[in-house]
Amino acid sequence: MDFGLSDEQRQLSDILGNYLADQLPIDELRAVADQGTGFSDDLWQGLVELGLPGLLIPEEHGGSGLGILDAAVVAEALGYGAAPAPYVASMVMAPLALLRSGDDAQQAAWLPRIAAGEVRLGLGFEILSGGTRAGDIALKDGKLSGEFSGILDGGAATHVLLYLADGWAVIVDTNTDTAELHSATTIDGTRPLTTVTLTDANVEFLDAANDPVAAAQSVLDAGRVMLAADTLGAGQRMLDDAITYAADRVQFDRPIASFQAVKHMCADVVSALEPCRALVWYAAYAQDAVPDEARVAACHAKAHLAEVGRDVARTTTEVHGGMGFTDLLGLHLWFKRIGFDRQVLGGPEHCRHEAAVAQGWAVE
Amino acid sequence: MDLNYSDRHKALQDKVRAFIDANKHEAPSLANVRKKPDRATLAWQHKLLRYGYVGRTVPRQYGGFGAEPDVLESAIISQEFTGAGISGGITNQGISMLVPTLLEVGTEKQRVRWIAPTLQGEIIWCQGYSEPGAGSDLASLKTHAHVDGDDFVINGQKIWTSSAHFADMIFILVRTEPDAPKHRGISYLLVPMDSEGIEVRPLKTMTGQSTFNEVFFTDVRVATDQIVMDRGDGWKVANTTLKYERLLLGDPNKMLNRFHRIVKMMEDTRIGGRRLMDMPEYRDRLLRLQGEVMASKYHGMRLLTEADKGEESGVKRLIVKYFGTVLAHKLSALAVDVMGEAGLAYDLSGLGTEDASLWNSDYMYDIGLIIGGGSSQIQKNIISERGLGMPREPRAEPQKAQKTMER
């Protein structure tokens with residue numbers, strides 16, 4: 001038994017962490033966040049060079065064929081840096097959707113282009129993910145019309161992959177006049193939510209899965225694990241910043257880090273946050289290795305990180321005192337990142353309900 | 001990440017399961033854990049010792065099984081017994097704390113004399129650390145001993161002494177060097193509980209039981225060779241022991257076990273014909289705790305792997321006592337709420353068989369565990385200072401020598 005990361009996974013985390021620390025200073029991050037597109041050309045190129053878009057794509061399609069735990073390690077590092085990059089949908093969920101529901105020809109057509117960074121897919125669920133928005137999408141004669149909102153990673157997407165209510169997935173080319181993308185800035189400047197308005201749009205069906213709902217759910221669960229990992233990274237960053245700030249800030253002739261009132265806040269944060277890391281790792285590992293537990297673990301990882309993340313974000317902001325409330329430190333970028341992660345792909349109450357359903361404790 | 005056991009560990013797991021299946025009819029009731037071992041408990045203990053399911057890594061010459069230390073083996077054995085709801089042997093402070101301490105810092109003579117009978121359950125130990133005036137600030141303890149001829153002569157009082165009412169021996173911290181700085185003036189002695197001058201008074205707790213005691217020492221004499229390490233080394237010895245206590249208190253299996261019992265209760269308990277499991281208000285509380293229990297379980301597996309590889313776990317280990325004891329209390333609190341009005345029944349004589357009384361007792365006893373063994377507030381100091389590297393609170397006054405009571 002070996003519960004933990006491999007040397008390669010630790011290296012992956014270090015390389016990406018160092019890259020973001022160097023290439024994404026706070027001023028750069030702010031500038032991208034102010035645009036609200038969740039996209040920076042330079043950062044994207046860097047991530048492509050690191051091979052991230054191909055992380056989960058099999059080698060025969062030009063990727064590195066790694067697993068969901070590797071992807072979670074990356075998600076944590078991106079959360080730590082609050083990286084404004086299309087990752088969860090474009091680099092994790094969309095490739096998985098093609099692997100789960102696309103046929104051989106579709107995989108051969110799409111996966112190499114995703115791995116090369118030529119194609120960026122936004123991704124959305126009509127209802128399966130537990131979103132609170134309303135939509136009015138209609139399929140007629142193989143063409144899709146209506147408004148589809150809540151699309152992740154749509155800020156600079158070349159295509160969108162949409163999961164319809166029955167679990168069928170379709171890919172829509174956004175570069176036509178039958179599809180109009182509108183990205184709204186969210187509370188989280190590093191990631192927008194996108195709406196696509198379709199007028200008799202041509203779509204490509206991904207319909208090779210035997211059980212389309214199960215296939216859609218497995219993609220959803222992988223996305224939830226990524227969001228949990230993102231919150232873990234963002235929460236760790238906020239804790240690290242709080243400890244540093246408390247060591248520097250002097251009041252009553254002492255660093256405030258020496259006051260038990262402050263220390264105990266940090267101790268509470270680490271005591272809640274550190275066990276989350278093992279939960280996220282397990283949930284990620286289960287997606288590939290323990291299918292019977294994959295659903296419950298993903299729902300709990302998403303829900304538990306959302307709850308712990310909220311406390312971490314609040315407490316660490318408080319440790320920064322008035323400065324934490326200002327825009328000056330930029331700490332709020334991580335606070336908002338955690339807030340975004342909490343709501344998309346199902347809030348904690350909804351995810352716990354799904355975990356209850358999966359264990360036979362509740363009916364849908 | 002690989003959650004499969006190696007062939008060797010898999011074989012051990014199969015062996016333990018087969019042992020439990022074949023022998024579980026002989027196992028003593030789990031309700032006897034806080035009592036003096038009876039015949040069945042002793043017989044079970046001896047059997048487990050022979051099979052290497054207790055005292056596994058204690059060398060053979062001291063009465064153990066003599067296996068090479070292997071963190072995973074120990075974890076597998078513990079998990080199998082806990083999972084089956086079968087006693088994994090006597091658990092007391094002698095076995096969990098004194099034995100490893102003597103193995104680490106005891107003399108050859110002390111190991112030979114004390115370890116085997118302790119493992120066999122023939123000598124029951126209690127721990128004499130806390131005093132009325134020395135709790136979180138343990139090093140300020142005032143119970144003292146002076147040398148008179150070949151003996152130490154002990155005077156003072158200890159409190160929170162679990163099992164003292166039936167223990168045969170006490171390992172105790174006393175001040176022997178009144179003029180030394182407080183952490184360096186303490187010695188660690190091994191004292192028979194039937195010595196003249198020891199008085200044990202039961203301390204009734206909020207649970208209604210008397211699992212703790214106050215122990216009074218009046219001119220109690222013990223031979224000077226009953227010291228572990230040297231005079232003034234007691235704090236060092238105690239920290240060796242406390243390390244084992246903190247491991248003891250955060251067992252992730254305990255949480256899982258409790259959680260499954262609550263699930264069953266929520267499926268069986270009804271309000272007006274409606275199962276509590278079908279009521280979202282109760283169910284969401286259960287699910288929230290499931291997330292915490294899972295995090296705790298996998299965190300435990302992560303620590304286990306790190307210990308197996310000989311890695312330092314740092315803050316990851318320091319948080320276990322704090323979040324583990326708090327989580328345990330959240331679970332017993334939900335259990336009490338699930339039982340509701342019907343769960344107010346409290347009958348100490350039925351403890352161990354009647355769910356309501358057991359949960360109510362745990363619900364209160366868990367608070368004792370949050371406070372004991374270094375309270376949550378002390379844990380948070382340790383977590384933030386040793387784990388996160390935050391500076392110590394400046395001391396109100398410099399470390400000064402602790403003058404003992406008048407002789």
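Naming convention: chains lettered A, B, ... in sequence-line order (proteins, then strands); numbering from 1 in each chain.
- Residues A:M1 and B:T305 meet the side-chain proximity criterion, which asks for heavy atoms closer than 4.5 Å.
- The line from OG of B:S6 to CG of A:D2 is 11.5 Å long, rounded to the nearest 0.5 Å.
- Counting heavy-atom pairs closer than 4.5 Å to chain B, the top-ranked of the candidates A:Q359, A:E349, A:M265 is A:Q359.
- Within the 4.5 angstrom heavy-atom criterion, atoms from both the backbone and the side chain of B:L388 approach chain A.
- Contacts between B:L303 and chain A at a heavy-atom distance below 4.5 Å are absent for every atom of the residue.
- Using a 4.5 Å cut-off between heavy atoms, B:V263 touches chain A through its side chain atoms alone.
- Other residues, nucleotides and ligands contribute only 12 or fewer heavy atoms inside 6.0 Å of the CZ atom of A:R310.
- Taking CG from A:L279 and NE2 from B:H299, the interatomic distance works out to 12.0 Å, rounded to the nearest 0.5 Å.
- Other residues, nucleotides and ligands place more than 12 heavy atoms under 6.0 Å from the CG atom of B:D137.
- In this structure, chain A has heavy atoms under 4.5 Å from both the backbone and the side chain of B:Y5.
- Within 6.0 Å of the OH atom in B:Y53, the count of heavy atoms belonging to other residues, nucleotides or ligands exceeds 12.
- Results of the side-chain hydrogen bond (donor to acceptor under 3.5 Å, both in side chains) test with A:E274 over B:R302, B:R317, B:K316 single out B:R302 as the only residue that passes.
- For A:Y282, the parts lying near chain B are the backbone and the side chain together; criterion is any non-hydrogen pair under 4.5 Å.
- In terms of heavy-atom pairs under 4.5 angstrom with chain B, the leader among A:A355, A:A362, A:S6 is A:A362.
- Interface summary for chain A: among B:R288, B:E306, B:K309, the most heavy-atom pairs under 4.5 angstrom belong to B:R288.
- Interface residue B:Q377: backbone and side-chain heavy atoms are both found under 4.5 Å from chain A.
- Each of A:Q9, A:E307, A:R277 has some count of heavy-atom pairs under 4.5 Å with chain B, and the biggest count is that of A:E307.
- Distance SG/A:C276 to CD/B:E292: 9.0 Å, rounded to 0.5 Å.
- For A:A257, the parts sitting under 4.5 Å from any heavy atom of chain B are the backbone and the side chain alike.
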(Q) For a side-chain contact (heavy atoms from CB on, under 4.5 Å) check, start with the C-alpha distance between B:R392 and A:S258, then their side-chain angles and the critical distance, and finish with the verdict. (A) CA-CA 6 Å; B:R392 289 186 69 103; A:S258 68; over 6 Å; no

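- Among all heavy-atom pairs drawn from B:M1 and A:W281, the shortest one is CE-CB, 3.5 Å.
- In this structure, the side chain of B:E393 engages the main chain of A:Q260 through a donor-acceptor pair within 3.5 Å.
- In this structure, chain B has no heavy atom under 4.5 Å from any part of A:A247.
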Q. Between B:L286 and A:W361, is a side-chain contact (heavy atoms from CB on, under 4.5 Å) present by the stated rule, with each step listed?
A. CA-CA 10 Å; B:L286 178 80; A:W361 296 339; 3.9 Å; yes

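- The CD atom of B:E385 sits 3.5 Å away from the NZ atom of A:K263 when rounded to the nearest 0.5 Å.
- The greatest number of non-hydrogen atom pairs below 4.5 Å with chain B, out of A:D268, A:L305, A:V296, is found for A:D268.
- Taking a 6.0 Å sphere around CZ of A:R254, one finds it holds more than 12 heavy atoms contributed by other residues, nucleotides or ligands.
- For the set B:L72, B:D284, B:N4, the entry with the most heavy-atom pairs within less than 4.5 Å of chain A is B:D284.
- Screening A:H304, A:E354, A:H300, A:H353 for a side-chain contact (heavy atoms from CB on, under 4.5 Å) with B:L287, the sole residue that qualifies is A:H300.
- At a 4.5 Å heavy-atom cutoff, the contact between A:A297 and chain B is made by backbone and side-chain atoms alike.
- Using a 4.5 Å heavy-atom cutoff, the side chains of B:L304 and A:F3 are not in contact.
- In this structure, A:P275 and B:Y298 have side chains that are not in contact, with every pair of non-hydrogen atoms separated by 4.5 Å or more.
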